[in-house]
Amino acid sequence: GPATGCGGVGKWADAPTRAAGKPAVAAKSAGQARAALEAGKVSKAVGLAEAAVAASPRDAAYRALLGQAYLNDGRFASATSALTEAGELGASDSNTIIALTLAQIAQGKTAEAIKLLQDHRDTVPASDIGLALALAGDHEGAIYVLSEAARAPDASARTRQNLALAFGLSGRWAQARMLASQDLSPAKLEARMTEWSKLAESPD
C-alpha cells in the first residue's frame with residue numbers, strides 16, 4: 001500500500017491530532033494565565049500557563065508565558081528551562097530575553113545572563129538591557145548602555161530611572177538622586193531612593 005516504507009499505518013493515523021494539539025483550549029488557558037499574572041495571582045497563573053503549554057506544546061508564546069509565570073513565582077530554575085525552550089521554539093522578543101536574563105541572575109548565573117543580553121542587543125531595548133546588566137552586577141556596562149540611551153532625543157523617563165538605579169547600585173548615590181529627581185516628585189524620590197538602597201544591600 002502507499003504507506004510502505006513510512007513506518008506503517010499506525011504511526012500516521014494519529015499524527016495529525018497529535019501535532020495539532022488543542023489550540024482553542026490553549027488560547028483560553030493562556031488568556032486566563034495573562035489575566036491572573038496581571039492580577040498578581042501568580043500560582044494560579046502558573047497552573048493556567050502549564051495547561052496552555054500542555055494543550056499546545058510547540059507554541060513558543062505559551063512556553064514564554066509559562067516562563068514568565070515561573071519567574072514571578074520565584075521558581076527560577078523552572079523559569080530558565082521554560083524560557084530557554086521558548087527560545088528554541090522561536091521566541092526572541094525582548095520580554096522573553098529579559099525574563100530569561102532575570103531568571104539566570106536570580107540563580108547567580110550572571111556571566112550567562114550578560115552574554116545573553118549582549119547576543120540580543122539588536123532586539124532588546126537599551127533601557128531593559130541596561131537595567132538587567134545593573135542587576136547582574138555589571139554596573140559599568142549598565143551605565144554605558146543606559147547613558148547612551150538616555151542621551152537619545154526620545155529617551156523615556158524609564159530609561160533615565162534605570163540609569164539612576166545603575167548609578168545607585170554602583171555606589172554613586174549623588175548622581176542617582178540627581179538623575180531620578182528629573183522625573184519624580186520629592187516624596188516619590190525619597191521612596192525610590194529607600195527602595196534602591198535596599199536593593200543595593202540585598203545579597204546577590
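Predicted, not measured: the structure shown is a model, and the values here were computed from it.
Judged by distance alone, the side chains of Tyr70 and Glu50 do bring a donor and an acceptor atom under 3.5 Å apart.
Counting heavy atoms from C-beta on, the side chains of Thr101 and Asp128 never come closer than 4.5 Å. Side-chain contact between His120 and Ile129 is absent, with no heavy atoms from C-beta onward closer than 4.5 Å. Residues Leu117 and Ile98 have side chains in contact (heavy-atom distance under 4.5 Å, counting atoms from C-beta outward). Residues Thr123 and Asp93 have side chains not in contact (no heavy-atom distance under 4.5 Å, counting atoms from C-beta outward). Two residues are said to be in side-chain contact when any heavy atoms from C-beta on lie closer than 4.5 Å; Asp59 and Leu89 fail this criterion. Looking only at side-chain heavy atoms (C-beta outward), Arg63 and Pro57 come within less than 4.5 Å of each other. When side chains are defined from C-beta on, Arg160 does not count as touching Leu184, because their heavy atoms never get closer than 4.5 Å. Side-chain contact check for Arg177 versus Trp196: every heavy-atom pair is 4.5 Å or farther apart.
Leu116 and Tyr144 fall within a single hydrophobic cluster, where Ile, Leu, Val, Met, Phe, Trp and Tyr side chains are chained together by heavy-atom contacts under 4.5 Å. Follow the hydrophobic side-chain contacts under 4.5 Å out from Leu133 and you reach Leu169 in the same cluster. Val42 is not connected to Leu71 by any chain of hydrophobic side-chain contacts under 4.5 Å among Ile, Leu, Val, Met, Phe, Trp and Tyr, and they are in different clusters. A continuous path of ILVMFWY side-chain contacts below 4.5 Å connects Ile97 to Leu83, so both sit in one hydrophobic cluster. Connection of Phe76 to Leu37 is not established within any shared hydrophobic cluster, with ILVMFWY side chains joined at heavy-atom distances below 4.5 Å, either directly or through further cluster members.
The OG1 atom of Thr110 sits 8.0 Å away from atom CD1 of Ile105, with the distance rounded to the nearest 0.5 Å. Atoms CD1 and CD, on Ile143 and Glu148 in that order, are 13.0 Å from each other to the nearest 0.5 Å. A distance of 6.0 Å separates CG in Leu199 from CG in Leu135, rounded to the nearest 0.5 Å. In this structure, Lys41 NZ and Gln32 CD are separated by 11.5 Å, a value rounded to the nearest 0.5 Å. The structure places OG of Ser185 at 9.5 Å from CZ of Arg192, a figure rounded to the nearest 0.5 Å. To the nearest 0.5 Å, the span separating CG on Leu179 from CG on Leu189 amounts to 10.5 Å.
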For the pair Arg58 and Glu85, evaluate salt bridge (charged side-chain N to carboxylate O under 4.0 Å, His left out) and give the outcome as yes or no after the intermediate values. CA-CA 10 Å; Arg58 306 290 304 158; Glu85 285 159 10; over 6 Å; no
Kindly indicate, with the supporting measurements, whether the criterion side chain to side chain contact (heavy atoms under 4.5 Å, CB included) is fulfilled by Lys188 and Asp183. CA-CA 9 Å; Lys188 278 211 176 111; Asp183 303 288; over 6 Å; no
Please step through salt bridge (charged side-chain N to carboxylate O under 4.0 Å, His left out) for the pair Glu140 and Arg172, ending with a clear verdict. CA-CA 11 Å; Glu140 295 313 307; Arg172 299 177 216 175; 2.8 Å; yes
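Of the possible donor and acceptor atoms, none in the side chain of Gln68 sits under 3.5 Å from a partner among the backbone N and O of Ala64. Counting only distance, with no hydrogens or angles, the side chain of Thr84 and the backbone of Thr80 share a donor-acceptor pair below 3.5 Å. Panel note: side chain Ser29, backbone Val25; a donor-acceptor pair is recorded below 3.5 Å. Distance alone, capped at 3.5 Å, places no donor-acceptor pair between the Thr96 side chain and the Ser92 backbone.
For the pair Lys44 and Asp73, the salt-bridge criterion is not met [side-chain N within less than 4.0 Å of a carboxylate O].
The heavy-atom pair separating Ala30 from Ala52 by the smallest distance is N-CB, 3.8 Å. The nearest pair of heavy atoms linking Ser127 to Asn162 is O-ND2, 3.0 Å. Across all non-hydrogen atoms, the minimal contact from Trp173 to Ala200 is CZ2-CB, 3.8 Å. Scanning all heavy atoms of the two residues, the minimum distance from Val124 to Ser94 falls at CA-CB, 3.7 Å. Counting all heavy atoms, side chain and backbone alike, Ala36 lies closest to Leu48 at CB-CD1, 4.4 Å. The heavy-atom pair separating Val53 from Tyr62 by the smallest distance is CG2-O, 3.5 Å.
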